[in-house]
Amino acid sequence: MQNKLWQALAGTLVVMGLAGCSTVASMGDKVSQTWDKTWSSFSGKSAQTPVEEARPKAAAVAEPAGLKPGSQSGNWKGLYSLEGERGRFQECGTGQMVPVLAEKDNVLLEQAYLNTRSNASAVMLAEVVGRMVEQPASDPVLAQQGRKVLALRVERFVTLSSKSVCVQN
């Protein structure tokens, strides 16, 4: 009985001390965590703090959506540039940069780019129909390890604009 009275008295003192403190409002979560720890030590129960409860939920959150290989064609809008002899495409939705495969309608995209660019390093807004495919990494060591990278296969060239930024609709 005395032990329970001491626990009640200690709990009351902690609450009164916290209520009198002018920084309680600004300490919000820390006070709550401290109180939970203090109360759990008095009651002998292990209470999870809100922060501890949130950690498993945060771990369960899905990774950010990025580009993934697909078997079906889709409309792609992004910034196209030519680096050396290789086309590069930065998809507007994710900002992810992928190489453009030198096949199918890529020749039309590349020719339109070469005919309209303002300088050798120009970036232009392109719209194509195509799909993301996986291919072996261009680095021989990574390719030998079985590493794959995404690339854009342009199946149909749609438009090329002199705009150098993605426009959100």
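Note that the numbering runs from 1 along the sequence shown for the chain. Model, not experiment: these values are computed from the prediction. All values below were derived from every heavy atom in this structure, side-chain atoms included, with hydrogens, water molecules and symmetry-related copies excluded.
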I want to check something: taking the side chain as every heavy atom from C-beta on, are [X] and [Y] in contact at a cut-off of under 4.5 Å?
X      : Y      : value
Tyr80  : Glu110 : yes
Val128 : Arg156 : no
Gln135 : Val149 : yes
Val154 : Lys104 : no
Met132 : Val98  : yes
Leu101 : Val133 : yes
Ser81  : Met124 : no

Rounded to the nearest 0.5 Å, what's the gap from [atom1] on [X] to [atom2] on [Y]? Could you check?
X      : Y      : atom1 : atom2 : result
Leu79  : Glu91  : CG    : CD    : 10.0 Å
Asn106 : Gln111 : CG    : CD    : 11.0 Å
Leu125 : Ser164 : CG    : OG    : 9.0 Å
Arg88  : Met97  : CZ    : CE    : 5.5 Å
Trp76  : Leu152 : CH2   : CG    : 7.5 Å

Do the side chain of [X] and the main chain of [Y] share a donor and acceptor less than 3.5 angstrom apart?
X      : Y      : value
Glu134 : Lys148 : no
Glu83  : Arg86  : no
Gln145 : Arg147 : no
Tyr113 : Leu160 : no
Asp105 : Leu108 : no

Can you give me the closest heavy-atom contact between [X] and [Y], atom names plus distance?
X      : Y      : result
Cys166 : Gly78  : SG-CA, 4.5 Å
Ala137 : Ala143 : O-CB, 3.3 Å
Ala126 : Leu109 : CB-CD1, 4.0 Å
Gly95  : Gln90  : O-NE2, 3.1 Å
Phe89  : Lys77  : CZ-C, 3.5 Å

>> If the condition is side chain to side chain donor-acceptor pair (under 3.5 Å), which residues does Ser73 pass it with, not counting sequence neighbours?
In response: Glu155

> Do Val100 and Leu114 sit in the same hydrophobic cluster, where Ile, Leu, Val, Met, Phe, Trp and Tyr count as joined when their side-chain heavy atoms come under 4.5 Å apart?
Replying inline: yes

